[in-house]
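Step one of this worksheet: look at the structure below.
Naming convention: chains lettered A, B, ... in sequence-line order (proteins, then strands); numbering from 1 in each chain. If you're wondering where the values come from, they're calculated on a predicted model, not measured in any experiment.
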There are 2 protein chains.
Amino acid sequence: MRRPPVARRPSPVAPPAARPGRALAPFARVREQLRTELEQGRFAPGARMPSEAELVARFGVARMTVHRALRELQAAGLVERIQGVGTFAATGPKLASTLTIRDLHDEIVGRGHRHHAIVHLQRAEAAPRAVAARLALAEGAIAFHSLIVHHDNELPLQCEDRWVNPARAPGYLGVDFTRTTPTHYLLEVAPAWEANYTVEAATASAREARLLGLERSAPCLIVTRRTVSRGMPVTLARLVHPGTRYLLQGQFRP
Amino acid sequence: MRRPPVARRPSPVAPPAARPGRALAPFARVREQLRTELEQGRFAPGARMPSEAELVARFGVARMTVHRALRELQAAGLVERIQGVGTFAATGPKLASTLTIRDLHDEIVGRGHRHHAIVHLQRAEAAPRAVAARLALAEGAIAFHSLIVHHDNELPLQCEDRWVNPARAPGYLGVDFTRTTPTHYLLEVAPAWEANYTVEAATASAREARLLGLERSAPCLIVTRRTVSRGMPVTLARLVHPGTRYLLQGQFRP
DNA sequence: TGCATAGCATTGTCTAGACAAGTAGCATCG
DNA sequence: CGATGCTACTTGTCTAGACAATGCTATGCA
């Protein structure tokens with residue numbers, strides 16, 4: 001049942017209508033207008049911007065609408081806001097940026113190539129001291145260990161040496177990793193709620209070089225990843241990529 | 001109207017949600033409660049979550065308050081929302097993560113070390129074809145070229161080979177880069193509104209290896225960065241780091 | 001049976017008003 | 001002169017209602 005229409009302030013233009021070529025919602029219109037002005041240097045870094053009240057008058061919308069636009073610009077790092085003081089164009093450099101690390105399987109399939117994995121190792125093993133410490137296990141405790149080489153159209157692209165906390169993924173040894181990737185499986189049984197990465201350039205170990213079909217001295221891009229779920233470490237992975245065949249890409253837009 | 005504070009650098013903004021000893025705002029309370037339940041696996045990935053109306057009844061707040069909480073969870077990638085259908089726990093793919101690339105100067109100083117740069121080249125030059133294309137210059141056009149080695153406590157840590165679009169940074173050749181970094185200068189004259197990165201492992205060129213004091217075959221972490229401001233390319237940088245002395249670190253929390 | 005349509009649940013957004021909280025300037029008081 | 005409180009301004013948030021847009025489902029009709 002439709003509610004009976006009630007007197008509503010008439011809008012000069014159809015506001016919230018928006019198909020592909022539709023007009024932006026008012027809050028988005030305000031946001032984009034301010035973003036454009038910021039990009040064009042209309043406000044020097046650190047300079048005071050119009051107050052919410054002024055923007056309300058300028059755009060003819062409610063204060064909550066302006067507030068949302070400004071809140072999103074703040075979340076994007078384009079402005080800084082201080083309660084009781086005002087809104088300011090963000091000073092300072094976006095000196096920090098981000099880089100996306102995608103799952104290898106998705107990346108290969110996304111390129112339209114075929115992903116193919118060879119499992120060289122998948123067993124329970126006593127964890128070396130360094131591994132045990134990072135997985136919060138007792139020294140010498142049993143953990144799951146796998147060593148898998150991933151291929152992009154038959155070309156080896158990643159050597160994945162992984163240790164898994166057995167308490168968090170008891171079925172790990174029974175999974176067929178030629179059909180799914182450890183990453184996918186682990187994300188299913190223990191969603192990653194925290195992850196640490198490091199990226200470095202180095203040479204692979206002798207075994208890794210052999211598995212990847214590389215010279216021992218070939219530069220490799222090595223990603224080390226540790227994930228934590230519900231406060232407990234889940235897995236520790238060392239991902240070795242041939243430097244000539246793999247690179248990380250990132251993009252940044254405020 | 002109130003006198004605006006003169007070029008005031010807003011001090012560390014205290015997020016209103018993170019004040020110790022103060023009750024969370026209702027929208028934050030709802031958000032955190034749902035985040036906790038998601039982390040504890042209360043909703044399987046892809047499962048339907050309570051509707052806004054149900055949450056309104058459960059928490060005793062207005063719908064806009066619940067809506068904001070859900071919108072922030074959506075922005076964080078924890079839930080997916082479909083107009084007309086409902087809200088769902090995000091399905092697995094935390095498969096993409098982010099890695100922070102910090103400015104080298106900040107990183108060195110942040111470690112409490114001393115940053116020291118040696119300028120090997122800083123002049124106008126005809127841009128090679130590949131560079132000209134990526135800077136949107138005519139082939140053979142003049143561009144600014146600099147080659148600087150950055151040291152962390154006298155240890156060479158980065159070789160920065162940079163091309164700059166002269167139209168966007170006319171004063172580039174006059175800057176003393178032993179006192180400031182090109183990154184800082186360029187962000188001042190042309191705030192980066194878009195950036196692309198690639199990260200790869202490779203060997204340095206002969207000259208780069210010499211400048212960094214490396215063997216020709218030493219693996220290096222090479223970052224290539226291109227920034228665009230107001231739709232026009234500003235700069236193209238190739239940053240070569242010794243693989244043994246430098247690594248990128250990243251952290252991820254939803 | 002097949003299809004158009006009405007109804008409903010759900011999310012998306014806007015509004016107007018209200019109060020809270022934080023800051024800065026000014027006037028007053030001791 | 002300093003401390004104090006007042007006031008104006010700003011951002012932060014909540015509320016209740018309304019309407020828009022979307023997708024699913026059931027119903028009625030041909």
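Look at A/Ser51 and you won't find any side-chain N or O under 4.0 angstrom from OP1 or OP2 of D/dC9. For A/Thr65 and C/dT15, the shortest distance from a side-chain N or O to OP1 or OP2 is below 4.0 Å. Under 4.0 angstrom from either OP1 or OP2 of C/dT11 there lies at least one side-chain N or O belonging to B/Thr87. Between A/Arg81 and the phosphate of D/dT10, there is no side-chain N or O to OP1/OP2 separation shorter than 4.0 Å.
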Are any protein N/O atoms closer than 3.5 Å to N/O atoms in nucleotides 17-19 of chain C? If there are, list each pair with its distance.
from	atom 1	to	atom 2	distance (Å)
C/dA18	N6	A/Arg63	NH1	3.3

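Scanning for ring-ring contact (aromatic ring centres under 6.0 Å, His included) contacts around B/Phe177 gives B/Tyr172, with sequence neighbours left out. By the side chain to side chain contact (heavy atoms under 4.5 Å, CB included) test, B/Glu80 pairs with B/Thr91, sequence neighbours left out. Among residues two or more places apart in sequence or in another chain, the side chain to side chain contact (heavy atoms under 4.5 Å, CB included) test is passed with A/Arg114 by A/His116, A/Asn153, A/Glu154. Take B/Phe88 and apply the ring-ring contact (aromatic ring centres under 6.0 Å, His included) test, not counting sequence neighbours, and it matches no residue. Residues satisfying the ring-ring contact (aromatic ring centres under 6.0 Å, His included) criterion with A/His115, sequence neighbours excluded, are A/His105, A/His150.
Taking atom NE2 on B/His67 and atom C1' on C/dA9, their separation rounds to 16 Å, with Å as the unit. When rounded to the nearest whole Å, the span between CZ of A/Arg31 and P of C/dG12 equals 14 Å. Computed from coordinates, the B/Phe59 CZ to D/dC14 P distance equals 13 Å when rounded to whole Å. As a whole-Å value, the separation of B/Leu73 CG from C/dG12 P is 12 Å.
Which of D/dT11, D/dA21, D/dC14 sits closest to the side chain of B/Gln83 comes down to D/dA21.
Figure legend: B/Arg225 and B/Tyr197 shown without cation-pi pairing, the cationic atom not lying both under 6.0 angstrom from the six-membered ring centre and within 45 degrees of its axis.
A/Leu70 comes within 4.0 angstrom of no nucleic acid atom, judged by non-hydrogen atoms across all strands.
Comparing A/Gly86 and A/Arg71, the nucleotide of DNA chain D nearest to each residue sits closer to the 5' end for A/Gly86.
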